[in-house]
Amino acid sequence: MGFKKLLASLGAGGASVETVLTEENVVPGGVVQGEVRIQGGSVAQQIEGLSAGLQARVEVERDGQEHKQDIEFTRQQLGGAFEVQPGAVHSVQFGLEIPWETPVTMFLGHHLTGMNVGVTTELAIARAVDSGDLDPVNVHPLPAQQAILDAFGALGFRFKNADLEKGHIRGTRQRLPFYQEIEFHAPQQYRGLNQVELSFVADDHEMDVVLEMDKKPGLFSSGSDSYRSFTVGLNSYQETDWAAYLNQWLAEVGGKRNWF
């Protein structure tokens with residue numbers, strides 16, 4: 001159970017607010033359950049609105065420069081206006097749906113370096129909006145995503161890092177304004193590869209899997225990128241040996257260095 005103080009005080013003598021997540025561990029397509037608790041201060045206050053949403057910290061490239069931007073990618077209103085009496089406690093429960101494209105933040109039981117995704121709460125009072133801090137959620141892979149990640153592990157790939165990029169991957173079912181890249185160091189048997197970047201773009205039936213393979217330079221050529229993509233059914237992924245499937249592609253692209 002996670003507790004996070006959102007607002008120290010809403011003005012002089014004002015209320016204080018906490019958000020409580022009853023379960024921080026979720027999967028894409030699931031629901032994060034929680035409760036917002038507003039503790040009345042020394043004066044009555046009129047709350048005009050309350051909402052909860054999901055937010056991610058995303059890399060944005062502009063004019064050759066990169067910077068971080070917090071992007072909200074879903075929000076839910078939690079009821080209408082109400083008044084908080086002095087010393088009273090007002091609790092609002094919520095169930096926030098996790099979009100299918102939500103990036104994975106957990107890998108092999110550990111938090112993925114570079115992932116910053118969580119729940120934010122906003123309180124509207126006196127024609128102003130006060131936003132709370134990020135309350136992190138642990139987004140675990142779907143079974144189909146885990147099968148692909150396990151295949152990379154079985155082939156000897158080592159996790160490097162992960163990030164979120166603002167923009168769209170062409171030819172996919174992407175709806176969110178950003179996408180995730182999970183980067184792996186290539187093992188020695190794929191000596192023509194530096195690294196591989198993996199992206200998932202899912203909906204409620206299937207997902208696009210996109211691979212960007214960074215090729216090492218050869219004697220008479222510079223390095224280059226090679227892209228491959230395929231579709232995986234969320235309910236039929238077990239029908240394929242993913243390690244063998246991926247090895248066929250990876251060996252073709254990175255089995256040897258491009259010397260000529």
Side-chain angles (χ1 to χ4, degrees), residues 1-7 17-38 47-60 67-80 91-107 110-124 129-146 149 161-169 172-182 198-208 234:
M1 180 178 293
F3 294 83
K4 185 173 289 290
K5 194 68 171 280
L6 291 178
L7 310 171
V17 184
E18 289 179 335
T19 186
V20 180
L21 299 184
T22 55
E23 178 56 75
E24 300 101 333
N25 296 292
V26 296
V27 294
V31 177
V32 58
Q33 303 283 349
E35 181 180 66
V36 179
R37 299 173 182 173
I38 303 172
I47 308 299
E48 298 177 354
L50 177 65
S51 62
L54 288 173
Q55 178 181 289
R57 182 156 295 173
V58 177
E59 289 188 2
V60 181
H67 67 277
K68 300 286 188 178
Q69 178 183 351
D70 290 331
I71 294 181
E72 183 180 279
F73 57 100
T74 187
R75 178 151 293 276
Q76 176 183 332
Q77 294 297 317
L78 306 179
S91 298
V92 180
Q93 295 184 342
F94 65 88
L96 193 60
E97 294 186 2
I98 306 296
W100 289 94
E101 291 179 47
T102 300
V104 173
T105 68
M106 301 295 292
F107 181 63
H110 299 284
H111 183 267
L112 280 178
T113 303
M115 292 298 97
N116 194 338
V117 178
V119 174
T120 60
T121 305
E122 288 187 352
L123 204 62
V129 175
D130 208 336
S131 298
D133 296 329
L134 192 72
D135 201 3
V137 293
N138 300 324
V139 185
H140 296 262
L142 293 164
Q145 294 171 333
Q146 188 65 58
L149 293 169
N161 63 6
D163 59 15
L164 302 179
E165 301 278 349
K166 188 174 183 179
H168 287 78
I169 304 176
T172 68
R173 67 198 71 228
Q174 183 183 347
R175 293 186 177 183
L176 294 184
F178 60 86
Y179 58 92
Q180 181 178 35
E181 290 183 336
I182 302 174
L198 168 67
S199 296
F200 297 121
V201 185
D203 61 20
D204 58 341
H205 295 296
E206 55 190 12
M207 65 179 179
D208 300 314
L234 298 187

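As the structure is a computational prediction, the values presented were derived from the model and not from experiment.
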Which distance, rounded to the nearest 0.5 Å, do you find between the [atom1] of [X] and the [atom2] of [Y]?
X      : Y      : atom1 : atom2 : result
Gln55  : Asn116 : CD    : CG    : 8.0 Å
Asn25  : Asn138 : CG    : CG    : 4.5 Å
Asp208 : Tyr179 : CG    : OH    : 14.0 Å
Asp135 : Glu24  : CG    : CD    : 7.0 Å
Ile182 : Leu149 : CD1   : CG    : 5.5 Å
Thr121 : Leu134 : OG1   : CG    : 10.0 Å

For residues [X] and [Y], determine if any side-chain heavy atom of one lies less than 4.5 Å from a side-chain heavy atom of the other.
X      : Y      : value
Leu54  : Pro99  : yes
Thr105 : Val137 : no
Arg37  : Val20  : yes
His140 : Met106 : yes
Ile98  : Val32  : yes
Met115 : Val104 : no

Count the heavy atoms belonging to other residues, nucleotides or ligands that lie under 6.0 Å from [atom1] of [X], then report whether that count exceeds 12.
X      : atom1 : result
His205 : NE2   : no
Arg75  : CZ    : yes
Glu72  : CD    : yes
Gln69  : CD    : yes

Q | SB check Glu59 Lys166 (cutoff 4.0 Å) | A |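 No, no charged N to carboxylate O under 4.0 Å.
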(Q) Could you check whether any side-chain N or O of Gln174 sits under 3.5 Å from a backbone N or O of Gly167, counting only pairs where one atom can act as donor and the other as acceptor? (A)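 Yes: the side chain of Gln174 pairs with the backbone of Gly167.
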Q: Take Ile38 and Leu123 through the side-chain contact (heavy atoms from CB on, under 4.5 Å) test and state the conclusion after the steps.
A: CA-CA 10 Å; Ile38 303 172; Leu123 204 62; 3.9 Å; yes
Q | Glu206 vs Arg173, salt bridge (charged side-chain N to carboxylate O under 4.0 Å, His left out): CA-CA, chis, key distance, verdict | A | CA-CA 10 Å; Glu206 55 190 12; Arg173 67 198 71 228; 3.3 Å; yes
Q | Minimum heavy-atom distance Val27-Pro141, with the two atoms named | A |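 So the two residues come closest at CG1-O, 4.1 Å.
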Q.
Against Pro28, only a single residue in Met207, Glu101, Gln145 fulfils side chain to side chain contact (heavy atoms under 4.5 Å, CB included); can you say which?
A.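 Among Met207, Glu101, Gln145, the one meeting side chain to side chain contact (heavy atoms under 4.5 Å, CB included) with Pro28 is Gln145.
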Q | CA sep, side-chain torsions, deciding dist, call: Phe94, Leu21, side-chain contact (heavy atoms from CB on, under 4.5 Å) | A | CA-CA 9 Å; Phe94 65 88; Leu21 299 184; 4.0 Å; yes
